[in-house]
Colleague: 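Quick one: this structure, given as structure tokens, is what I'll be asking you about.
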Amino acid sequence: GQNIDQPTEMTATEGAIVQINCTYQTSGFNGLFWYQQHAGEAPTFLSYNVLDGLEEKGRFSSFLSRSKGYSYLLLKELQMKDSASYLCGWRGGATNKLIFGTGTLLAVQP
Amino acid sequence: DTGVSQDPRHKITKRGQNVTFRCDPISEHNRLYWYRQTLGQGPEFLTYFQNEAQLEKSRLLSDRFSAERPKGSFSTLEIQRTEQGDSAMYLCASSPSWESYEQYFGPGTRLTVT
């Protein structure tokens, strides 16, 4: 991904909590996104942060620190169906195109 | 179903052939994006339409690639003289306005060039 770093793979246990970190570098930042993508399927929107702080949505939360170029996605009460790739991306430019990282492949084990 | 649709879902072609993909965005979404995704990578931006106007093209979009959105509704992406390196998932996404932060992705067209 372009100036976006996130771990390639993570493993966690069903019922546990996992945090996926993302760091980015950009001068044209206009929001940080997290998408979930199951194998062979389209990315689906999870969360959006444009201001610093924590956004909570059910079992998923996302945090942003613009000064540090840092975000994380927190998944609670992990379920097997959460096994997927999690894409961190920022929106920028006049067209609001999304620039994604390589994604973090999360494997949830029983 | 009112989501973004793409056709075909899968395309296998021989090197050197031309292929064309279609994307139907969500009705009344005036912003349309094409992305390309290879295995183990995140989607990479290719091009952007606002209504019928193509306003941005990535450097990834070589002269063998062309995209259109003639009436501001559906869009087509054509690849001429395909190469094995073109093998990827081609994703289309749409959003209703600049203020809307979410892009809705279609299921993608998986292209395999043999």
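What you see is a predicted model; the values in this text were computed from it and never measured. The chains referred to below are lettered A, B, ... by the order of the sequence lines, with proteins before strands, and numbering in each begins at 1.
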Colleague: To the nearest 0.5 angstrom, please state how far the OG atom of A:Ser62 sits from the CZ atom of A:Phe33.
Modeller: 10.5 Å
Colleague: Which answer fits B:Gln6, side chain, backbone, both or neither, if we ask what part of it has an atom under 4.5 Å from a heavy atom of chain A?
Modeller: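 It is neither, since no heavy atom gets under 4.5 Å.
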Colleague: Are the side chains of A:Leu46 and A:Leu73 in touch, meaning some heavy atoms are under 4.5 Å apart?
Modeller: yes
Colleague: One thing to verify: whether B:Arg9 and B:Asp7 come together as a salt bridge, which I'm taking to mean a side-chain N less than 4.0 angstrom from a carboxylate O.
Modeller: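 Looking at B:Arg9 together with B:Asp7, the answer is no, because their closest N to O distance does not fall below 4.0 Å.
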Colleague: A:Pro43, A:Gly31, A:Gly89, A:Gly103: which one forms the most heavy-atom pairs within less than 4.5 Å of chain B?
Modeller: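 With the most close heavy-atom pairs to chain B, the winner is A:Pro43.
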Colleague: Could you point out which residue of B:Tyr90, B:Tyr48, B:Phe105 forms a ring-ring contact (aromatic ring centres under 6.0 Å, His included) with B:Tyr35?
Modeller: B:Phe105
Colleague: Examine whether an atom of B:Pro43 lies under 4.5 Å from a heavy atom of chain A, and if so say whether it belongs to the side chain, the backbone or both; otherwise answer neither.
Modeller: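 Both backbone and side chain.
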Colleague: At a 4.5 Å cut-off on heavy atoms, which part of A:Leu98 comes close to chain B: side chain, backbone, both, or neither?
Modeller: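 When you check distances to chain B, atoms from both the backbone and side chain of A:Leu98 fall under 4.5 Å.
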